2 protein chains.
Amino acid sequence: MGRARKSSTKRATLADVAKVANVSAITVSRVINQPGKVSPELGQRVQEAIDMLGYIPNQSASSLASARSGVIGVSIPSLSNVVFNDVLRGIYDVAGASDYKVLLVDTHYSPLEEEKMVRTLLSQSPEAMIITGGDQTRACERMLAKAGMPVVQIMELLEQPLDMNVGFSHYQAGYDVALKMLATGCNQLGFVGARMDARVQQRMAGFVDALRAKNKLNQEYIVTTPEPSSIALGGELFRSLLSASSGAVDGIFCCNDDLALGALFESQRMNIKIPTEMSLCGFNDFETSAYVNPSLSSVHVPRYEMGVKAAEMIINVLNDKGVADKTLDIGFEVILRQSSRASVPPQ
Amino acid sequence: MGRARKSSTKRATLADVAKVANVSAITVSRVINQPGKVSPELGQRVQEAIDMLGYIPNQSASSLASARSGVIGVSIPSLSNVVFNDVLRGIYDVAGASDYKVLLVDTHYSPLEEEKMVRTLLSQSPEAMIITGGDQTRACERMLAKAGMPVVQIMELLEQPLDMNVGFSHYQAGYDVALKMLATGCNQLGFVGARMDARVQQRMAGFVDALRAKNKLNQEYIVTTPEPSSIALGGELFRSLLSASSGAVDGIFCCNDDLALGALFESQRMNIKIPTEMSLCGFNDFETSAYVNPSLSSVHVPRYEMGVKAAEMIINVLNDKGVADKTLDIGFEVILRQSSRASVPPQ
DNA sequence: TTGTACGCGTTATCAA
DNA sequence: TTGATAACGCGTACAA
């Protein structure tokens, strides 16, 4: 409405700065993007004009003109799941160090929502994408392929990655847990899983296959629910499994530490002795797991490193440095603690 | 290098779609943004062309031309601190429902880094900003003011908000905790704090002032460190405080649940009885706190709601609906559990 | 080292 | 209802 007044009316542009500094717009652009190519005197003058006007570059215009957005798109299935915090931190640390912005979306574990979110991300013209897992819709895969940008799929190892891949074998982890629990004297092993996304299913498959191989599989000891994990749910599922097995189960692999902690706390309330009457193993190795009493066995995953590696792969590709391997197995480690029998193996 | 081939070469544009559908570019734009203003036949034809080409709008061009980016900038001090997860979830839920994208940055609890990050955010031409707390640099405040967009400061109640504000009084929370702990029979209260950002300092100030008012303040029972919080650190600080007070302390307020859980686990290992020999109270009310044995007293904060409200305020302002109050006190609740004496008040 | 001309892909404005 | 034209703010290519 009213007349234009002072500076606060509209955002300053390159042209405004140029006018004040009495140079051309492109020179201002250079001062910002290639300071070495401008003479010190001019650079100084321009910088003063920039400060005076409080000039902030318009990234939309820059992206449009240069086809470089400086954005990395990241898609994760859940903002509440703490597991992704560490991964994100790794991504942000590396991306930020190279002046890349991160655009983050949450798919709520839904491939359809992921497809929509990926479309949203692509409309921002990111230079690369980091997405979770391999459960994309066909349409989503097509979009990604068409976009022709570096893509890293994280969290799990995939048979056929779209492009690059950083993760570990959830199947193998589940398998190893079963063997370790058997080795520590468990005889009637059960499984408790929630949400049951692709990775949890892999963990379960590995666990089940190992038990089957050892002739220790009892399907009634496998309890799952599509509900999201929580400590409260862990307690409930623990009770379910106990009653389903008439108390025969002497060891439980919980698909994550939330459930496992819930089971542990519930067992304490039920006066079930850990680990003598019941062994427990979780997944993800939260800090709590190492400090709770009794401490909780779990599968440690280098999440921060996973984020770092994924981002580094991308930065390298964007800088034309290429990557040694398109797929990186970041590994895992089964850590036995007091919730397992014989947590210290004999010498 | 090689010849252009097929579709995968370059991203389709509005003009490409227009050509295929045999209409003008602006018509395609309308099909996308104002479907009602285009005849059904044309709309159909255009939609087919869009699908055939896999057209995805270029948001940079759209932002530039329309001065609407559809982006909300969000700045938080830490990606690893679980506290912000719930807030973010609230923000993302509301923003997503209104088709806004969220650009998230992490300031690592540094006002200087925040200033840099806010500049980055502003360069993306967001339509509004959500930032944490009130510790901005002068330069940061100036940028924000100049940008002239809705800004919500979250997490704490501020004396002089830049614009809008959603939070609660950390000072009052600390004060209330002290009174409640005294009321449950604690006589020698201590405080354990880490990181010591503005909000933690407020909690401490409230706690200390309450003790002083009751003539119960002993400065030697106040233990702080700039280190980031962790469960491990909670155990260490617990021991520090015990030795600093020669074991006299009979109740501790930890500035967050990480520290409090660490203290609780450590006390178990030291065979100190909770709550008879030692009362414990944390802050933030993690799910773990309600289920650990003994359950941990804490201060519950409606974090998700805080994110929701902040985002709603912004959406309302952007839609010219205005907001009733620029400042919203979201409140808190001190929850006494088994780690406090007399956790159930007498009838 | 500095500047000119043009185009990036979209939308606002106005006209048909 | 549809379209032509001119911005939006910046960087590339080229020229001086």
Side-chain angles (χ1 to χ4, degrees), chain A residues 4 9-47 49-50 53-71 99 119-120 122-127 147, chain B residues 9-47 49-50 53-71 101 120 122-127 147:
Chain A
T9 297
K10 239 191 159 192
R11 188 165 158 183
T13 71
L14 217 44
D16 296 331
V17 177
K19 201 171 296 174
V20 169
N22 204 12
V23 297
S24 70
I26 188 66
T27 298
V28 180
S29 171
R30 289 199 183 102
V31 170
I32 295 171
N33 301 312
Q34 318 166 41
K37 290 197 168 182
V38 173
S39 69
E41 313 102 281
L42 264 195
Q44 167 95 17
R45 215 165 76 210
V46 168
Q47 189 57 55
I50 288 177
L53 294 176
Y55 170 69
I56 295 179
N58 183 324
Q59 181 60 46
S60 292
S62 173
S63 301
L64 194 56
S66 71
R68 288 208 58 237
S69 65
V71 166
D99 275 324
R119 191 187 310 278
T120 298
L122 288 178
S123 76
Q124 308 287 328
S125 312
E127 298 179 33
Chain B
T9 297
K10 239 191 161 192
R11 188 166 158 183
T13 71
L14 217 43
D16 297 332
V17 177
K19 201 171 296 173
V20 169
N22 203 12
V23 297
S24 71
I26 188 66
T27 298
V28 179
S29 174
R30 290 200 184 101
V31 169
I32 295 171
N33 300 312
Q34 319 165 40
K37 290 198 169 183
V38 173
S39 69
E41 313 102 279
L42 265 195
Q44 166 94 19
R45 216 163 77 208
V46 168
Q47 189 58 55
I50 288 176
L53 294 176
Y55 169 70
I56 294 179
N58 184 325
Q59 182 60 47
S60 293
S62 174
S63 300
L64 192 56
S66 71
R68 289 208 56 237
S69 66
V71 166
K101 279 85 69 179
T120 298
L122 287 178
S123 77
Q124 307 288 326
S125 312
E127 298 178 33

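All of these numbers come straight from a predicted model, not from anything done at the bench. Chain A is the first sequence line, chain B the second, and so forth, proteins listed ahead of strands; every chain is numbered from 1.
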Report all interatomic pairs (protein N or O, nucleotide N or O of nucleotides 4-8 of chain D) with separations under 3.5 Å.
from  : atom 1 : to      : atom 2 : distance (Å)
D:dC8 : O2     : B:Ala65 : N      : 3.3

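For the pair B:Glu41 CD and D:dT2 P, the computed distance is 7 Å after rounding to whole Å. Rounded to an integer number of Å, the gap from B:Ile32 CD1 to C:dT10 P is 8 Å. Taking atom CD on A:Gln124 and atom P on C:dT10, their separation rounds to 13 Å, with Å as the unit. Regarding B:Arg68, its CZ atom lies at a distance of 14 Å from the C1' atom of C:dA12, rounded to whole Å. C:dT1 atom P lies 16 Å from atom CZ of A:Arg45, rounded to whole Å.
Applying the 4.0 Å criterion to OP1 and OP2 of D:dG11, one finds that A:Ser62 has a side-chain N or O inside that range. Between B:Ser29 and C:dT11, a side-chain N or O to OP1/OP2 separation shorter than 4.0 Å is present. Between B:Thr27 and D:dG3 there is a side-chain polar atom (N or O) within less than 4.0 angstrom of OP1 or OP2. Between B:Ser60 and C:dC8 there is no side-chain polar atom (N or O) within less than 4.0 angstrom of OP1 or OP2.
The two residues A:Asp16 and A:Arg11 have their closest heavy-atom pair at OD2-O, 4.1 Å. Looking at every heavy atom in both residues, A:Val17 comes nearest to A:Val46 through CG1-O, 4.2 Å. The minimum heavy-atom distance linking B:Lys37 with B:Arg30 is given by the pair CB-CD, 4.4 Å.
Side chain of B:Ser63 to backbone of B:Gln59: a donor-acceptor contact under 3.5 angstrom is found.
Going from atom OG1 of A:Thr27 over to atom CG of A:Asn22 covers 10.5 Å, rounded to the nearest 0.5 Å. Note that CD of B:Glu127 and OG of B:Ser69 are 4.5 Å apart. Values are rounded to the nearest 0.5 Å.
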